[in-house]
Number of protein chains: 2
Amino acid sequence: MPSSNQQMKFALKSTGHSITVPRKQLFKTLQAHEAQTIHELVARCPTVDRATIYRTIELFEELGIVQRLQIGWKYQLELTDSYVHHHHHLVCTRCGAIIALAEDAELEARLITLAATADFTASDHQLEIRGLCSNCH
Amino acid sequence: MPSSNQQMKFALKSTGHSITVPRKQLFKTLQAHEAQTIHELVARCPTVDRATIYRTIELFEELGIVQRLQIGWKYQLELTDSYVHHHHHLVCTRCGAIIALAEDAELEARLITLAATADFTASDHQLEIRGLCSNCH
DNA sequence: GCAAAAATTGCGACTAATTTGCAAAAATTG
DNA sequence: CAATTTTTGCAAATTAGTCGCAATTTTTGC
Ligand SMILES: [Mn+2]
Ligand SMILES: [Mn+2]
Ligand SMILES: [Zn+2]
Ligand SMILES: [Zn+2]
């Protein structure tokens with residue numbers, strides 16, 4: 001079983017990219033948080049230049065390592081389903097909490113079916129449910 | 001049956017806001033497109049100042065007239081479910097097309113149920129399915 | 001309609017977010 | 001380890017978004 005670390009390194013090498021200190025740093029930080037803004041990422045990686053962070057995120061996106069989430073005003077970043085188990089997000093509109101929602105086979109199946117009826121070949125998807133968490137209602 | 005235009009005007013008046021030329025213009029432009037970035041909105045409303053567009057979108061959000069979608073890097077704007085029928089989006093990763101996916105009762109029901117099992121009271125949600133459209137695969 | 005009052009707009013300046021060119025530094029090659 | 005290739009940091013340049021305020025538009029109450 002390849003660790004997600006090895007998986008990330010393979011994704012880089014196999015596409016002709018180098019394994020560098022900033023890239024390892026960024027990956028590590030992404031593993032440590034459920035979802036985070038670019039600004040948080042910049043703050044959490046003080047030794048890495050802002051421009052490098054933008055460039056690395058772009059590369060990680062191309063390699064399918066990271067994805068953007070549609071949460072609130074600013075987009076958030078998190079590892080893709082290849083690196084963490086597929087899930088969706090419950091976002092509390094009162095306290096701002098972001099709660100991971102475990103994968104549901106029935107829901108997933110319905111999504112694929114629906115896309116197919118529109119002659120669309122789905123590769124991945126994102127779902128955000130807004131409302132009130134247990135603490136806030 | 002109130003037209004969505006009347007509905008928008010009522011939303012403004014009933015909260016003590018004026019009906020102005022820029023506001024009518026923005027609303028009309030929002031009705032004309034499935035989803036659009038702020039930049040597109042600015043380009044499509046040349047007579048309205050950038051600052052006014054930002055302020056109007058903020059107001060329209062507060063009044064539940066418009067919502068943001070996070071598709072790709074920049075967020076996109078579109079009318080809420082109170083103004084256009086509830087739907088989700090298929091986003092083609094090759095040509096960038098954004099296709100509306102008609103509402104599906106089974107899917108919607110499953111969403112609510114899932115959120116509830118996490119003791120979460122869902123108010124609304126957003127779903128984006130990425131993949132290849134019929135022209136691109 | 002009309003004048004006064006209230007709300008909104010456009011403009012310009014300003015701050016934050018993102019992108020880009022390029023020389024220096026780091027990683028890979030053999 | 002030296003040569004080659006890739007990446008990084010830094011600074012400058014764009015682009016996106018915000019704010020104060022005087023001028024203009026809308027609303028209100030005759
Ligand atoms: Mn997550
Ligand atoms: Mn839409
Ligand atoms: Zn909450
Ligand atoms: Zn397409």
Side-chain angles (χ1 to χ4, degrees), chain A residues 5-30 35-63 65-78, chain B residues 5-30 33 35-63 65-78 96:
Chain A
N5 233 291
Q6 290 175 305
Q7 192 184 341
M8 174 269 286
K9 289 179 179 172
F10 178 76
L12 286 171
K13 295 306 261 182
S14 64
T15 52
H17 293 96
S18 307
I19 293 168
T20 68
V21 173
R23 286 173 185 170
K24 285 186 284 190
Q25 195 100 58
L26 264 283
F27 185 74
K28 191 174 181 183
T29 305
L30 286 165
Q36 57 200 312
T37 61
I38 263 258
H39 179 266
E40 290 169 329
L41 213 45
V42 168
R44 287 168 179 153
C45 300
T47 62
V48 183
D49 189 74
R50 224 173 34 259
T52 299
I53 292 188
Y54 278 103
R55 285 185 288 228
T56 304
I57 290 301
E58 189 182 5
L59 174 64
F60 278 8
E61 268 193 302
E62 286 167 18
L63 299 182
I65 295 175
V66 86
Q67 65 179 148
R68 281 163 212 257
L69 301 181
Q70 41 177 43
I71 295 179
W73 287 59
K74 315 261 191 282
Y75 62 84
Q76 307 223 2
L77 301 160
E78 75 169 15
Chain B
N5 231 291
Q6 290 175 306
Q7 192 183 339
M8 176 271 286
K9 288 178 180 173
F10 177 76
L12 286 171
K13 294 306 260 182
S14 63
T15 52
H17 294 95
S18 307
I19 293 170
T20 68
V21 172
R23 285 172 186 171
K24 285 185 285 189
Q25 194 101 59
L26 266 283
F27 186 75
K28 192 174 180 182
T29 305
L30 285 166
H33 301 270
Q36 57 199 312
T37 61
I38 262 257
H39 178 267
E40 289 170 328
L41 213 45
V42 169
R44 287 168 179 152
C45 301
T47 62
V48 183
D49 189 75
R50 212 172 54 256
T52 300
I53 291 189
Y54 278 103
R55 285 185 286 229
T56 305
I57 289 301
E58 189 182 4
L59 174 64
F60 278 9
E61 268 194 302
E62 286 168 17
L63 299 182
I65 295 175
V66 86
Q67 64 179 147
R68 284 165 206 250
L69 304 178
Q70 186 73 55
I71 296 180
W73 286 65
K74 315 271 180 330
Y75 61 84
Q76 308 225 0
L77 300 160
E78 74 169 17

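What you see is a predicted model; the values in this text were computed from it and never measured. Throughout, protein chains are lettered first and strands after them, A, B, ... in sequence-line order, and every chain is numbered starting at 1.
- The side chain to side chain contact (heavy atoms under 4.5 Å, CB included) check on B/Thr47 picks up B/Gln25, with sequence neighbours excluded.
- For the pair A/Asp49 CG and C/dG21 P, the interatomic distance rounds to 16 Å; values are reported in whole Å.
- A distance of 6.5 Å separates OG1 of B/Thr29 from CD of B/Gln36, quoted to the nearest 0.5 Å.
- Mapping B/Ala51 and B/Lys74 onto DNA chain D by nearest heavy atom places B/Lys74 closer to the 5' end of the strand.
- When the nucleotides C/dA17, D/dC19, D/dA16 are ranked by their closest atom to the side chain of B/Tyr54, D/dA16 comes out on top.
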Under 4.0 Å protein heavy-atom contact, by nucleotide of nucleotides 21-30 of chain D - B base, S sugar-phosphate only: -----SS---
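- Atom pair B/Arg23:CZ and C/dG10:C1' shows a separation of 14 Å (rounding to whole Å applied).
- Across the protein-nucleic acid pair, A/Ile53 atom CD1 and D/dT8 atom C1' stand 12 Å apart, rounded to whole Å.
- Comparing the helix axis at one end of the helix from C/dG1-D/dC30 to C/dG30-D/dC1 with that at the other, each defined from 5 consecutive pairs, gives an inter-axis angle of 60° (nearest 10°).
- Atom P of nucleotide D/dT18 and atom CD of B/Glu58 are separated by 7 Å, given to the nearest angstrom.
- Rounding to the nearest 0.5 angstrom, the gap separating the CD1 atom in A/Ile19 from the CZ atom in A/Phe10 is 11.0 Å.
- Distance CG (A/Leu59) to C1' (D/dT8): 13 Å, rounded to an integer number of Å.
- Between the base of D/dG17 and the side chain of B/Arg50 there is a donor-acceptor pair shorter than 3.5 Å.
- The stretch residues 40-48 of chain B has no heavy atom under 4.0 angstrom from DNA chain D at all.
- Environment of CZ in A/Arg50: sparse, with no more than 12 heavy atoms of neighbouring residues, nucleotides or ligands closer than 6.0 Å.
- In terms of heavy atoms, A/Ile57 sits closest to A/Arg68 at CG2-NH2, 4.3 Å.
- Distance, A/His39 NE2 to C/dT18 P: 10 Å, rounded to whole Å.
- In this structure, B/Ile57 places its CD1 atom 11 Å from P of D/dG17, rounding to the nearest Å.
- Residue B/Leu59 holds its CG atom at 5.0 Å from CZ of B/Arg23, rounded to the nearest 0.5 Å.
- The ring-ring contact (aromatic ring centres under 6.0 Å, His included) test applied to A/Phe27 returns A/Tyr83, not counting sequence neighbours.
- Here A/Thr37 pairs with A/His39, A/Glu40, A/Lys74, A/Gln76 under the side chain to side chain contact (heavy atoms under 4.5 Å, CB included) rule; sequence neighbours left out.
- B/Phe60 has its CZ atom 13 Å from the C1' atom of C/dT8, to the nearest Å.
- With distances taken from any side-chain atom of B/Thr52 to the nucleotides C/dG10, D/dT8, C/dT18, the minimum falls on C/dG10.
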